[in-house]
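Report on the following structure.
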Amino acid sequence: MALRTAVKELSPTRRRRDWHAVRSLADGLTTPLHPDDYLRFVNPLWTSRELRGRVESVVRETDDAATLVIRPGWGWRFDHQAGQYVGIGVPVEGRYQWRSYSLTSTPRRRGRRITITIRAMPEGLLSEHLINGLEPGTVVRLAAPAGDFVLPDPPPERILFLVGGSGITPVMAMLKTLVRRAGEGRWPLPDIHLVYSSPTPDRMIFRERLEEVAAEHASVTFTPIYTDTDGMLTFDRLGEVVPDWRDRQTWACGPSPMLDAAVEHWREADLEDALHLERFTLQIGDDVGEGGSISFQNSGKQAEVEPGTTVLEAGESVGIGMPFGCRMGICHTCTLTLVEGSVTDVRNGDRYDQPNERIQTCVAVPNGDCTIAI
Amino acid sequence: MAIADVKEYTHLSEEEVETIGRRLDELRARIEASRDAKDAAYIHRLIKVQRGLAFGARVAMLAGSYAPKERKALRRGSMVAGTAMLGLAKILENMEIGHNVMHGQWDWMNDPEIHSSTWEWDTAQPAEQWKHSHNYIHHQFTNVLGYDNDIGYGILRMAREQKWHPANFGQPVYNALLSLLFEWGVALHDLDIERIRKLEKDPAEMKRQLAQIFRKGRNQILKDYIVYPALSGPGWKQTLKANAAANITRNVWSYVIIFCGHFPDGALHFTEEQIEDETRAEWYLRQMLGAANFNGSRALHILSGSLGYQIEHHVFPDLPSNRYPEIAVEVKAICEEYGIPYTTGPLHKQYGQALRTITLLSLPNSWTSHASEKYGEITPPTKTVTDRSRKSDAERPRRRTELGGWSRAGAKARA
């Protein structure tokens, strides 16, 4: 019995090791390329050099939002946490454009597909392209799931989800996961209150599904707010809608002004630890960093920048083909080496000033002169 | 004759040179702005064809190896087809794909799989060392005596200004060997053996480079001369020969193409006075004077990595190679307008001139003065370069912007 358990425990590792041996043997046949560089011509998903996925279907959610059902290729692990986001890269005019979106599918060990839900933003050419221009069968690039907007394990007993607009997407994944895990008997379903603002019922993504969940489960309360008719929910009125908000752990996701107001409100109540946020866009004040002269070492170019200008923007302004992805510090596509000088990460104020440190150029602003290796 | 000042040589005023520079900058901006899905499709298609050829070649050779002994024609046919396809695949990979990707010509696509920072090519030299010796040293200091290590690659005497040595008598032989073993010559090119011999090379850097070359060279040899022959079972000998033939074909072909870039008669040399305070526009002018094109069909240009557009490639090393034909029209027009020599000719003529220079310069200058009447204007050297040693990175000017935006991932040392 003990032996059987031991073998069971051992075999996945061994299987992985054997597989690894086969692959490194195959490497000898294709060096300096990888076997995957050939296999992807048989099936575009048969490569783990870069994460890829194939769009299986595009499901319309509202007039301006759709869910992409994606089948990831080799190398994808389905062990993300509900609430995390994923980077998606699609070629537009021959050039890969990257954005990040929350996963709306629940994590499953034996999963085969993931879903992301996208709302077309005004002037958001890429989001528009993603929901209207992607044919099923299109192969896209993916970045591994990331983000710390997640629930603890086990979840708290009382939860408030505070959502505005497309901020519903990570919360939908959380809610689905909570319900599914409760169904599996893993945890009891917590007491959940979802307050979700949207201009009109038509524009509310997942409205029907949320109504169903609330109808099926007594411990789930769903309060939709249609701001065109009901007006905006200001935080001084939060107590009317959710009288016990102080007793709940809160996850909030939505437009920046809403999140700023939430931070203020929870701070005044001295409950900052109970608030968990996901911001979709990066805010940079024009007083971050000191500005300075950035030298781009390999291309020999130089840029003078004001405070608040990122290394990425500076590089692009002098015509360097800077690598970039989500432009919000998520996907790491833009990571480069800082040869000398000092930069600040605009998200948290961390300073990076060691020689040859790797920095994310899209969130790094210079503190005085610095040199970047590109 | 080596040129100390491109303005004086071309009889152009400073304003005229600046105008030429501005027009070339505008041309670059126009091409950059117009890169689109069609260009991306070009490189994707090329890579697909190249990998298909490589795969087809290996399959054909295996088929030939295991074909029944009595079917001689099938065996032979498969081997010949396999050799041809493999040679072609290697040529395409090294020339039109690898060389150009490593220049950063396709970095704009933002595709991590086709990027100058990650590309590794199917030849013995590690990509990172190539990007130093070629993208920086050769492209920045093109044809400057004492700076550009590609003037004869430290093996051949290719300029009258280079001091003659009795060892130069052997040039025709070295040349023949270089053509056959070209990939290995290139592999050692960035090492600077002279400096190693004099014990001047930084030991840490030397160790790093040697380890890279060893790893890369070992994998290349294992693949073509051990693994595939071993898989071929009874036909191991034929596979071995076929792979060697494919590699040598690639070596000779790339050698010929590369020798047509800067060694034909019209491509000029420069002295180090030229690169003192050289402006962007003067740099462009030096690139146009120092390079030579050759004519040919579209297929020939693709097989030669678009190096038939050597002049355009030297002016814009990081613009996509499929755009060189249209760039050439404008560069040629500028040259005509300002009376700048634009060296071109058929491939055989260009290579013939390179071969003649190799032979001629294997002899001391005094023995070959009669050649001036026979082979056009050869003026006595303005200066003799006696110092044969290479510059170290510390002695060279820093990298220029005109070289384009390629990146050298994994480079722990050097600029």
Side-chain angles (χ1 to χ4, degrees), chain A residues 24-42 44 47 49-52 89-98 141 143 295-303 315-316 318-325 331-337 339 356 358 371-374, chain B residues 28-29 32 35-44 47-48 51-52 54-55 58 93 98 104 107-113 115-123 126-127 131 135-136 140 216 219-220 222-223 226-228 231 318 398-409 411-412 415:
Chain A
S24 51
L25 216 69
D27 269 346
L29 299 175
T30 56
T31 186
L33 294 174
H34 199 267
D36 295 3
D37 291 318
Y38 291 89
L39 286 169
R40 74 173 168 88
F41 289 105
V42 183
T47 169
R49 256 195 71 168
E50 297 290 323
L51 292 173
R52 292 158 174 245
V90 290
V92 179
E93 291 294 306
R95 188 182 179 130
Y96 274 96
Q97 310 271 9
W98 286 79
R141 291 281 166 82
S295 313
F296 297 93
Q297 179 184 267
N298 297 3
S299 55
K301 297 190 180 183
Q302 241 186 5
E316 287 175 334
V318 291
I320 295 171
M322 301 282 283
F324 73 92
C331 69
H332 288 270
T333 312
C334 67
T335 300
L336 289 175
T337 304
V339 180
N356 290 321
R358 303 276 286 163
T371 306
I372 306 291
I374 186 169
Chain B
R28 165 186 274 280
E32 277 179 341
R35 292 177 298 205
D36 65 7
K38 284 199 295 296
D39 300 295
Y42 172 78
I43 189 70
H44 284 128
I47 289 174
K48 196 171 177 175
R51 300 221 174 128
F55 178 74
R58 304 295 187 186
E93 201 283 337
D107 285 7
W108 62 274
M109 297 196 301
N110 220 354
D111 184 339
E113 287 180 30
H115 199 275
S116 64
S117 60
T118 55
W119 195 270
E120 190 59 75
W121 55 345
D122 186 10
T123 178
K131 285 182 276 182
N135 290 12
Y136 172 35
Q140 177 156 333
K216 184 82 194 288
N219 289 349
Q220 292 291 112
L222 274 176
K223 173 178 69 168
I226 309 278
V227 177
Y228 278 106
L231 287 176
D318 67 333
R398 286 192 74 142
R399 198 174 288 168
R400 294 183 68 106
T401 55
E402 293 81 355
L403 300 177
W406 43 276
S407 51
R408 267 164 42 91
K412 291 196 187 78

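Values reported hereafter were calculated over all heavy atoms of this structure, with side chains retained and with hydrogens, waters and symmetry mates removed. Chain letters run A, B, ... following the sequence lines, proteins first and then strands; every chain starts at 1.
Put simply, the side chain of B:Lys48 reaches to within 4.5 Å of the side chain of A:Phe41, judged on heavy atoms. You'll find the side chain of B:Arg51 reaches within 4.5 Å of the side chain of A:Asp37, heavy atoms only.
Neither the backbone nor the side chain of A:Asp27 comes within contact range of chain B; no heavy atom of the residue lies under 4.5 Å from a heavy atom of that chain. Interface remark: A:Leu33 contributes side-chain atoms only to the contact with chain B (heavy atom separation under 4.5 Å). Proximity to chain A (any heavy atom under 4.5 Å) is shown, for B:Asp39, by neither the backbone nor the side chain. Neither the backbone nor the side chain of B:Trp119 comes within contact range of chain A; no heavy atoms are under 4.5 Å apart. Only the side chain of B:Lys216 comes within contact range of chain A, with heavy atoms under 4.5 Å apart. Looking at B:Ala127, neither its backbone nor its side chain comes within 4.5 Å of chain A, counting heavy atoms on both sides. Residue B:Ile43 does not touch chain A at all, counting heavy-atom pairs closer than 4.5 Å.
Counting heavy-atom pairs closer than 4.5 Å to chain A, the top residue among B:Leu231, B:Val227, B:Asp122 is B:Asp122. Interface remark: of the candidates B:Lys38, B:Met109, B:Glu32, B:Gln220, B:Met109 forms the most heavy-atom pairs closer than 4.5 Å to chain A. Chain A forms more heavy-atom pairs under 4.5 Å with one residue of B:Glu113, B:Arg35, B:Glu120 than with any other, namely B:Glu113.
Looking only at distances, a side-chain donor or acceptor of B:Lys223 sits under 3.5 Å from a matching main-chain atom of A:Thr31. Between the side chain of B:Asp107 and the main chain of B:Ser116, a donor-acceptor pair closer than 3.5 Å is present. For B:His115 (side chain) and B:Asp111 (main-chain N/O), no donor-acceptor pair under 3.5 Å exists by modelled atom type.
Look at A:Glu50 and A:Arg40 and you find no salt bridge, because none of the NZ, NE, NH1 or NH2 atoms lies under 4.0 Å from a carboxylate O.
Crowding of A:Tyr38 atom OH: a count of heavy atoms from other residues, nucleotides or ligands under 6.0 Å exceeding 12.
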